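Letters go in sequence order (proteins before strands), and every chain restarts at 1. Computation of the quantities below employed the complete heavy-atom set of this structure, encompassing side-chain atoms and omitting hydrogens, waters and symmetry-equivalent molecules. No experiment lies behind these values; they were computed from the predicted model shown.
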Amino acid sequence: KAGVTQTPRYLIKTRGQQVTLSCSPISGHRSVSWYQQTPGQGLQFLFEYFSETQRNKGNFPGRFSGRQFSNSRSEMNVSTLELGDSALYLCASSLSGRDTQYFGPGTRLTVL
Amino acid sequence: AQSVTQPDIHITVSEGASLELRCNYSYGATPYLFWYVQSPGQGLQLLLKYFSGDTLVQGIKGFEAEFKRSQSSFNLRKPSVHWSDAAEYFCAVGAPLSSGTYKYIFGTGTRLKVLA
């Protein structure tokens, strides 16, 4: 089985722009979670989607949003980028969201 | 509130030496427990997991972990470290929420350096 894939792997944006990241889960997995990883804050949970519905949300501003499609693929959008949004964004998929999470390689976002 | 503590930010061991990475969690019941490894610039790779049953869990790459309920710990061990084990290791717990969904909490990680 193919693992979790994330595109693009690297992104450079400037402040004020917006960005969309994509995640394709392992086939058959219906839960997709997004995390932000920075050296100072570690891994922070953004949100989880299951069957096209946001089921859980972390403590991030409304500039961070996401969605999930009927094939379980998920996108994450960040609007009005700030320098502090520079991070590695990780996507994880699981069968139901109540079991093991498998991570993708991440998207490295740099905001200039 | 649920939390995961990895008390060692950095650990340095010599190649061939044994390794133990510590993990303590705070949760009312027994959560799901995980260890992940992350190489620089990469995602997290699952090493092993504990859901229930035998408290000594075997994982990939020769790693094992032992769940100790009385100590709320899930320490990761390897009898002989290889240079390729140099990476960052994360302990995580999965805990059910009242809504019926799950929350995954990660420790801050332990960076392992291996000396030749």
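Within a 6.0 Å sphere centred on CD1 of B/I60, other residues, nucleotides and ligands contribute more than 12 heavy atoms. Annotation for A/R15: atom CZ does not count as buried by contact number, only 12 or fewer foreign heavy atoms lying within 6.0 Å. Atom CG of A/N71 sits in a crowded spot, with more than 12 heavy atoms from other residues, nucleotides or ligands closer than 6.0 Å. Atom NZ of A/K57 has more than 12 neighbouring heavy atoms from other residues, nucleotides or ligands inside a 6.0 Å radius.
Neither A/F45 nor A/Y89 shares a network with the other; the hydrophobic side chains, linked directly or stepwise wherever heavy atoms of I, L, V, M, F, W or Y lie under 4.5 Å apart, form separate groups for each. Linking Ile, Leu, Val, Met, Phe, Trp and Tyr whenever their side-chain heavy atoms come within less than 4.5 Å puts A/F60 and A/V19 in one cluster. By the rule that hydrophobic residues join a cluster once side-chain heavy atoms approach within less than 4.5 Å of another member, A/V32 and A/I26 end up as members of separate clusters.
Atom-to-atom distance recorded for B/K49:NZ and A/Q101:CD is 12.0 Å, nearest 0.5 angstrom.
Neither the backbone nor the side chain of A/Q41 comes within contact range of chain B; no heavy atoms are under 4.5 Å apart. If you measure heavy-atom distances from A/Y35 to chain B, the contacts under 4.5 Å come from the side chain alone. For a residue to count as touching a neighbouring chain, one of its non-hydrogen atoms must lie under 4.5 Å from one of that chain's; by this rule B/Q45 does not touch chain A.
You'll find the ring centres of B/Y36 and A/F103 inside the 6.0 Å limit.
B/Y104 places a side-chain N or O within 3.5 Å of a backbone atom of A/G97 that can act as its donor or acceptor partner.
For the side chain to side chain contact (heavy atoms under 4.5 Å, CB included) with B/Y102, the qualifying choice from A/E48, A/R55, A/R98 is A/R98, the only one to do so.
Ranked by heavy-atom pairs under 4.5 Å with chain A, the first of B/Y32, B/F51, B/F106 is B/F106. Heavy-atom pairs under 4.5 Å with chain B peak, among A/V4, A/L88, A/D99, A/L90, at A/D99.
Using a 4.5 Å cut-off on side-chain heavy atoms (C-beta onward), A/L43 and B/L44 make contact.
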